[in-house]
**Student:** 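Following this message is one structure expressed as structure tokens.
Scope of the values below: all heavy atoms of this structure, side chains included, with no hydrogens, waters or symmetry mates. All figures in this text were calculated on a predicted structure; none of them were measured in a lab. Start at 1 and go down the list; that is how both ligands and their atoms are numbered.
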Amino acid sequence: MQTQLFIDGRFVPSLSGETLATLNPHDNSVIADVSMANHADIDRAVAAAKAAFPKWSNLAAAERGRLLLKLADAIEANADRLAHLESIDTGHPIRDTRYLDVPRTAATFRYFGGMADKFEGSVIPVEQGFLNYLTREPVGIVGQVVPWNFPLMFTSWKMAPALAAGNCVIMKPAELTPLSSLAIAELMAEVGFPAGVVNILPGLGHVAGQYIAEHPEIGKVAFTGSTAVGRKIVQASSGNLKKVQLELGGKGANIVFGDANVDAVVQGSAFGIFHNQGQACIAASRMIVHESIADEVLEKFVALARTIRIGDPLDPTTEMGPLTSRQHRDRVLSYVDVAREQGGRVIAGGRSPDNAALANGCYVEPTIVEAKPTDRVSQEEVFGPFMTVTTFSTDEEALAIANGTEYGLGAGLWTRDLQRAHRVAREIHSGMVWVNCYKRVSPGSPFGGVGASGYGREMGFEAMREYTQAKSVWVNVDAQIPPYFPR
Ligand code: NAP
Ligand code: MG
């Protein structure tokens with residue numbers, strides 16, 4: 001297991017010698033002490049990236065792609081080890097890390113490996129006699145700051161398009177979950193990424209993260225995390241006017257119309273809110289259900305929630321693991337009181353499981369709360385296995401509730417009415433909409449939000465645009481330009 005900073009192709013301790021323990025949220029035991037980067041370490045990484053950039057950005061795009069494809073293969077060859085590491089560091093059930101997180105990470109590196117030499121510029125039809133063409137150039141050195149909820153997957157979402165486009169990367173994983181990204185660094189070195197192209201530096205947000213956002217030689221910062229920290233990133237980036245990309249919080253509306261297939265709603269919504277213990281920016285955290293079927297939906301949904309198998313993430317039968325930290329578990333549980341204070345009714349869960357074997361871990365039962373759309377629990381991101389339920393009577397009312405938060409990341413709707421599906425999808429303020437499903441993602445499909453959920457898109461061609469700058473070149477082929485100052 002790697003626990004040091006990855007700078008210039010090697011694992012090195014931080015210059016200060018500072019370390020921080022990373023814990024297993026199943027029992028809060030220490031897994032390892034991990035080096036913590038400070039300003040001087042980031043300066044070293046920036047110098048390494050700067051030295052690597054000319055050669056890397058001028059390498060044939062197909063060669064950059066080939067390394068990303070080799071990395072995808074290496075990830076698959078190491079799937080069991082990576083899944084284990086991710087499960088003990090984050091608390092994700094092994095069935096998820098092994099069959100979702102690891103394959104998706106490999107798939108994203110592979111997708112952008114294939115993309116590298118297929119992302120083209122264009123020729124613009126301007127006036128006769130001129131050739132105007134557009135090329136896409138890498139930004140240069142890119143800073144990437146990521147959260148703890150999908151640390152392995154986010155290495156691929158962030159690094160793959162940046163590298164395919166020819167940038168060099170300085171990544172700061174979350175202090176709670178640094179291990180899987182360091183394991184990816186190890187594989188990158190093995191498959192032959194040149195030194196300095198990728199640097200991974202665990203560190204504290206307000207120290208290392210803040211410095212990456214401020215750094216005068218970093219040309220872009222891509223951030224995934226909370227809206228509050230997103231605002232700080234924007235401020236810190238203003239010194240050298242960096243490009244900024246923000247994937248922030250969400251409060252996913254999940255609208256269930258009266259004509260929906262109830263069994264599909266129950267399964268899809270449970271995946272939407274309870275997968276990864278609800279620690280997903282795109283979690284289906286607000287069910288907005290038509291009054292005509294609310295009782296039936298809730299009865300089945302609560303019955304399912306009560307049978308979800310909570311336990312040790314390494315047990316292959318576990319369906320929900322612990323939250324990723326004790327502090328976060330306490331924050332999620334505090335929202336149960338917040339709900340009650342405003343008249344909310346707890347229908348299921350609302351506490352840690354009554355199981356001695358899990359007593360030292362960060363566990364929370366699947367929680368369902370009936371609440372008004374204006375209640376804090378319906379407005380604020382809880383980021384846990386915590387779903388609010390509200391009923392509605394007309395489509396307009398459902399839309400007003402769905403659009404009634406500051407966020408706009410993902411939203412879902414369930415109906416058999418084709419026109420309604422498309423109409424409501426059009427009217428929802430969000431970056432992603434799922435119809436009769438929830439929380440689908442793919443490396444080719446743009447991912448991101450509007451409003452307080454941030455700006456910019458990961459995945460697909462959109463991501464390649466985000467990690468490049470357009471350059472427009474005008475060539476006078478045979479145009480006769482009348483003199484502007486005739487003499
Ligand atoms: P967070 O507190 O915003 O932290 C995210 C990252 O930013 C961590 O690496 C953190 O470092 C770092 N950081 C903290 N303060 C910073 C500062 N002043 N300057 C620069 N970096 C700083 O978020 P979180 O609680 O870890 O993650 C949960 C949030 O992420 C939720 O709001 C969730 O919705 C959001 N999220 C969004 C998406 C999306 O794609 N839209 C995806 C997943 C999660 P430390 O680890 O040291 O705190
Ligand atoms: Mg941990």
Side-chain angles (χ1 to χ4, degrees), residues 18 20 22-23 34 36-39 42 89-90 92 101 143-158 170-179 181 200-215 218 221-238 242 244-252 275-285 323-325 327-329 331-332 380-384 386 405-410 430-432 439 441 445-459 462-463 466:
E18 240 176 275
L20 188 73
T22 190
L23 309 181
V34 175
M36 289 284 118
N38 221 308
H39 294 193
I42 289 167
D89 207 12
T90 64
H92 299 193
D101 301 39
Q144 304 184 322
V145 178
V146 292
W148 44 260
N149 59 330
F150 289 102
L152 177 65
M153 241 168 55
F154 287 154
T155 60
S156 63
W157 288 30
K158 290 256 179 301
I170 315 281
M171 174 176 276
K172 188 201 91 64
E175 68 188 76
L176 292 174
T177 57
L179 298 176
S181 45
I200 300 185
L201 290 84
L204 300 180
H206 65 279
V207 180
Q210 176 83 18
Y211 190 54
I212 286 172
E214 284 169 3
H215 204 288
I218 294 181
V221 60
F223 171 75
T224 296
S226 61
T227 301
V229 174
R231 293 197 172 96
K232 289 186 189 171
I233 298 267
V234 173
Q235 282 162 3
S237 71
S238 70
K242 290 187 174 59
V244 179
Q245 181 175 355
L246 300 175
E247 304 289 349
L248 308 177
K251 193 71 186 171
H275 163 244
N276 205 32
Q277 297 71 250
Q279 302 167 125
C281 50
I282 51 173
S285 52
L323 303 192
T324 297
S325 73
Q327 194 191 7
H328 186 58
R329 176 202 59 192
R331 181 177 175 277
V332 169
E380 299 173 18
E381 186 181 45
V382 178
F383 216 60
F386 189 113
T405 76
E406 62 171 340
Y407 294 109
L409 192 58
S430 70
M432 293 161 282
K439 239 172 90 165
V441 294
S445 181
F447 185 103
V450 300
S453 295
Y455 44 78
R457 294 292 178 269
E458 308 205 90
M459 312 296 219
E462 293 290 333
E466 300 278 352

**Student:** Does the N or O separation between Lys172 and ligand 1 drop below 3.5 Å for any pair?
**Tutor:** yes

**Student:** Ignoring angles and geometry beyond distance, decide whether Lys232 reaches within less than 3.5 Å of ligand 1 through its nitrogen or oxygen atoms.
**Tutor:** no

**Student:** Mark the output for Phe150 as yes if a heavy-atom distance to ligand 1 is under 4.0 Å, and as no if none is.
**Tutor:**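 So Phe150 does not count as touching ligand 1.
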
**Student:** If you have a sec, work out which protein heavy atom is nearest atom 43 (C) of ligand 1 and how many Å separate them, to one decimal?
**Tutor:**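 Protein heavy atom with the smallest distance to atom 43 (C) of ligand 1: Asn149 ND2, 3.1 Å.
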
**Student:** Students should be able to answer this: which protein heavy-atom is nearest to atom 34 (O) of ligand 1, and at what distance?
**Tutor:**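 Answer, as residue, atom name and distance: Glu381 OE2, 2.6 Å.
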
**Student:** Counting non-hydrogen protein atoms only, what is the nearest one to atom 28 (C) of ligand 1? Give residue, atom name and distance.
**Tutor:**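 Sorting protein heavy atoms by distance from atom 28 (C) of ligand 1 puts Phe383 CE2, 3.5 Å first.
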
**Student:** Provide, to 0.1 Å, the distance between atom 35 (C) of ligand 1 and the closest protein heavy atom, together with that atom's residue and name.
**Tutor:**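 Closest protein heavy atom to atom 35 (C) of ligand 1: Gly225 O, 3.1 Å.
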
**Student:** Considering only the protein, which heavy-atom contact is closest to atom 41 (N) of ligand 1, and what is its distance?
**Tutor:**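 Atom 41 (N) of ligand 1 sits closest to the protein heavy atom Leu248 O, 2.6 Å.
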
**Student:** Quick check: does Phe223 get an N/O under 3.5 Å from an N/O on ligand 1?
**Tutor:** no

**Student:** Donor-acceptor check, side chain of Ser453 to backbone of Leu248, threshold 3.5 angstrom: yes or no?
**Tutor:** no

**Student:** Can you find an N/O atom of Thr227 closer than 3.5 Å to an N/O atom of ligand 1?
**Tutor:** no

**Student:** Nearest protein heavy atom to atom 39 (C) of ligand 1, by residue and atom, and its distance?
**Tutor:**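 Residue, atom and distance for the closest contact: Cys281 SG, 3.1 Å.
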
**Student:** Heavy-atom distance to atom 45 (P) of ligand 1: which of Glu175, Met36, His206 wins?
**Tutor:**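 Checking each option, the heavy atom nearest atom 45 (P) of ligand 1 is found in Glu175.
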
**Student:** Per the side chain to side chain donor-acceptor pair (under 3.5 Å) rule, what does the pair list look like for residues 146-158, sequence neighbours excluded?
**Tutor:**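 For residues 146-158, and leaving out neighbouring residues, the side chain to side chain donor-acceptor pair (under 3.5 Å) pairs sorted by first residue read Lys158-Thr224, Lys158-Glu458.
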
**Student:** Can you name the residues that form a side-chain hydrogen bond (donor to acceptor under 3.5 Å, both in side chains) with His275, not counting sequence neighbours?
**Tutor:**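 Testing His275 for side-chain hydrogen bond (donor to acceptor under 3.5 Å, both in side chains), a comparison that skips the adjacent residues, returns Lys439.
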
**Student:** Between His328 (side chain only) and Phe383 (backbone N and O only), is there a donor and an acceptor less than 3.5 Å apart?
**Tutor:** yes

**Student:** At what distance is the nearest protein heavy atom to atom 13 (N) of ligand 1, and which residue and atom is it?
**Tutor:**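 Answer for atom 13 (N) of ligand 1: Gly205 CA, 3.3 Å.
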
**Student:** Is there at least one pair of N or O atoms, one from Ser226 and one from ligand 1, spaced under 3.5 Å apart?
**Tutor:**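 Checking ligand 1 against Ser226, an N or O pair does fall under 3.5 Å apart.
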
**Student:** What protein heavy atom lies closest to atom 24 (P) of ligand 1? Include the residue and the distance to one decimal.
**Tutor:** Trp148 NE1, 3.5 Å

**Student:** Do any nitrogen or oxygen atoms of Phe154 lie less than 3.5 angstrom from nitrogen or oxygen atoms of ligand 1?
**Tutor:** no

**Student:** Just distances here: any N/O of Gln210 and N/O of ligand 1 closer than 3.5 Å?
**Tutor:** yes

**Student:** Please verify whether a non-hydrogen atom of Ala228 lies at under 4.0 Å from ligand 1.
**Tutor:**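 Ala228 does not count as a contact of ligand 1 under the 4.0 Å cut-off.
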
